[in-house]
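Just the heavy atoms: all of them, side chains too, but no hydrogens, waters or symmetry mates, feed the values below.
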Amino acid sequence: MESLPVEVVGNILSRLGAARDVVIASATCRKWQEAWRNHLHTLTFNSSDWPLYHEFSTSRLEIIITQTIFQTKGLQCLSIIMDDVDEFSAAPVIAWLMYTRETLRQLHYNVRTTPSINMLEKCGRQKLEVLALAHNTITGVEPSYQKFPCLKSLSLSYVSISALDLSLLLNACPRIEYLTLISLDIVMSDPQATMDLSSHSLKDVYVEAISLDKFILEADSLEKLHLKDCTLEVFELVGKGMLRFLKIDDVSVIHLDIGESAENLEIVDVSNFTIMWAKFLHMISRSPKLRMLRLWGVVFDDEEEFVDVETISSCFPLLSHLSLNYDLREAALQYGLQGSFVLENVIVLELGWTVISDLFSMWVSGLLERCPHLKKLVIHGVVSETKTHEECHTLANFTSAIVRLMRKYLHVEVQFEYE
């Protein structure tokens, strides 16, 4: 170990991450102490890493963090995550940020402070590439002053911010590629809850637990969009057709429009979503590159609607992974599998049910016949802990039917997943 360059020792200490572990390891010898002071680039204070964090008073924690940070030079990644700790005073927090601002590349900051401080003022115009804020308030964004020329990733969780300030903040980040918005407290200046975000560099957007009347996202380079647990009346994506991944999970939306962004879609994953199938299919039908389609736990807005697998076959010739789980009715079997279509490239088929029935067995059989090159079949089911005799009998009949069916498809791997 003595032959290791001090810079290498600094890299080793940085990989430990947790501040307590770094401090203990740095006590090994003078060389490691020098590496700690001059070559440490990553430091993490996380209340979940060490139980004693919860036993210290707030003032004691502030002193520990201050003394630890001030012994280092050139920190590039700083994480201060104190979820279960009382509010810190603003003064020491400002001191940490001002001490590290010249060298910092990544800041993960989840500290409640009294009074609230302007994080953008402390971090702007520097070399910051990753900024993750939680449980903070952002007000009065000034893009002419608070610029983030190097920022590539922005994450806001449980942050209070106005729709206008969020839009201005995005404009202050000309190189941003990743945006995460979780449970924002969005302050509106007018009765209609509308948010309009625009960025030419965004590639990946994740939005969770947000309620709005109207959400317009203009992102020409967007490749991945994930909406989760949101309530929206209108969501519109304006782009230039770069979108490759679309995931919608437990979202309530009246009007969904991705415009011309469907041309390069490769993955569409929809779950726990009330869907107007004809309209949704029309929206994604211009996706000849689609390789994975997942419709899981979807509810049709019109009881007469069903998934037309023949249309899926013709619209998505490259489809290799198909996952379907919805309220199966006789019409779905009768009309959903009509025609002489073949899912030529499907090699993975996932099928699920909420209430098992003989209809489901017939559906599995019908889809297997349309997948000549299938390699894997995954069957998902829900089985209650207290099953009635009738439920046990139905499950036994279904299992027997699947066993008989798979004797015809010995080359297919079968997997059962029950909840």
Side-chain angles (χ1 to χ4, degrees), residues 1-86 88-113 117 119 122-136 148 150-155 157 177-178 180:
M1 295 294 286
E2 293 181 359
S3 62
L4 286 177
V6 69
E7 295 85 356
V8 174
V9 177
N11 286 333
I12 293 173
L13 291 174
S14 297
R15 290 182 179 273
L16 293 177
R20 178 175 178 270
D21 296 337
V22 173
V23 171
I24 292 174
S26 67
T28 303
C29 61
R30 290 183 179 179
K31 186 174 184 178
W32 283 57
Q33 291 172 2
E34 179 187 350
W36 149 261
R37 289 191 301 270
N38 299 319
H39 300 285
L40 184 76
H41 54 74
T42 300
L43 194 59
T44 299
F45 300 89
N46 193 321
S47 57
S48 64
D49 286 345
W50 189 30
L52 286 183
Y53 276 132
H54 301 283
E55 298 183 13
F56 293 139
S57 65
T58 302
S59 58
R60 177 60 178 159
L61 273 176
E62 292 171 353
I63 293 172
I64 291 174
I65 295 175
T66 302
Q67 290 177 337
T68 307
I69 291 178
F70 279 25
Q71 289 183 63
T72 67
K73 297 178 181 179
L75 273 183
Q76 297 179 18
C77 180
L78 175 63
S79 297
I80 306 177
I81 302 171
M82 296 288 167
D83 276 323
D84 307 318
V85 176
D86 291 337
F88 283 179
S89 300
V93 176
I94 293 174
W96 306 335
L97 298 177
M98 297 303 292
Y99 183 78
T100 59
R101 64 182 297 184
E102 296 296 331
T103 58
L104 214 56
R105 299 291 191 276
Q106 297 186 30
L107 175 62
H108 302 264
Y109 177 88
N110 181 358
V111 181
R112 294 178 174 86
T113 59
I117 62 177
M119 289 297 301
K122 308 305 175 187
C123 301
R125 293 184 177 272
Q126 301 303 317
K127 301 175 182 178
L128 207 61
E129 297 176 4
V130 176
L131 177 61
L133 299 179
H135 298 103
N136 282 267
F148 294 84
C150 301
L151 198 71
K152 293 184 178 180
S153 177
L154 174 65
S155 175
S157 303
E177 296 182 3
Y178 304 92
T180 298

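Taken to the nearest 0.5 Å, the NZ atom of K127 stands 15.0 Å off from the CD atom of Q106. Taking CG from L97 and CD1 from I80, the interatomic distance works out to 6.5 Å, rounded to the nearest 0.5 Å. Distance OG/S59 to CD1/I64: 9.5 Å, rounded to 0.5 Å. The OG atom of S153 lies 7.5 Å from the NE2 atom of H108; values are rounded to the nearest 0.5 Å. Here the straight-line distance linking atom CG of L107 with atom NZ of K122 works out to 13.5 Å at 0.5 Å rounding. I65 CD1 to M82 CE: the interatomic distance, rounded to the nearest 0.5 Å, is 4.0 Å.
Aromatic ring centres of W50 and F45: separated by at least 6.0 Å.
Although no hydrogens or angles enter the test, the distance criterion places no donor-acceptor pair under 3.5 Å between the side chain of T72 and the main chain of L75. Remark: the backbone N or O of T103 is paired with a side-chain donor or acceptor of R105 at under 3.5 angstrom. Judged by distance alone, the side chain of E62 and the main-chain N or O of S89 form a donor-acceptor pair under 3.5 Å. Between the N136 side chain and the A134 main chain, a donor and an acceptor come within less than 3.5 Å of each other.
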Practice task
Show your reasoning for whether side chain to side chain contact (heavy atoms under 4.5 Å, CB included) applies to K73 and L40.
Solution key: CA-CA 7 Å; K73 297 178 181 179; L40 184 76; over 6 Å; no
Practice task
Evaluate side chain to side chain contact (heavy atoms under 4.5 Å, CB included) for Y99 paired with I69, printing each intermediate quantity in order.
Solution key: CA-CA 8 Å; Y99 183 78; I69 291 178; 3.8 Å; yes
Practice task
Would you please test Q76 and T42 for side chain to side chain contact (heavy atoms under 4.5 Å, CB included) and show each step?
Solution key: CA-CA 6 Å; Q76 297 179 18; T42 300; 6.0 Å; no
Exercise for the section: Test S48 against N46 for side-chain hydrogen bond (donor to acceptor under 3.5 Å, both in side chains), laying out the working first. Expected result: CA-CA 5 Å; S48 64; N46 193 321; 2.8 Å; yes
Practice task
List the steps, then state whether side chain to side chain contact (heavy atoms under 4.5 Å, CB included) holds for L61 with T58.
Solution key: CA-CA 5 Å; L61 273 176; T58 302; 5.7 Å; no
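Residues A35 and G10 approach most closely at CB-N, 3.7 Å, considering heavy atoms. Heavy atoms only, all atoms of each residue included: L151 and V130 are closest at CD1-N, 3.7 Å. Listed here is the closest heavy atom pair of T66 and P92: OG1-CB, 4.2 Å. Nearest heavy atoms, I117 versus T113: N-OG1, 3.9 Å. Of all the heavy atoms in M119 and L133, the pair that sits closest is CE-CD2, 3.9 Å. Smallest separation of non-hydrogen atoms from A25 and L16: CB-CD1, 3.7 Å.
With contacts defined as side-chain heavy-atom distances shorter than 4.5 Å, the pair W36/V23 qualifies. Counting heavy atoms from C-beta outward, I12 and R15 have side chains that stay 4.5 Å or more apart.
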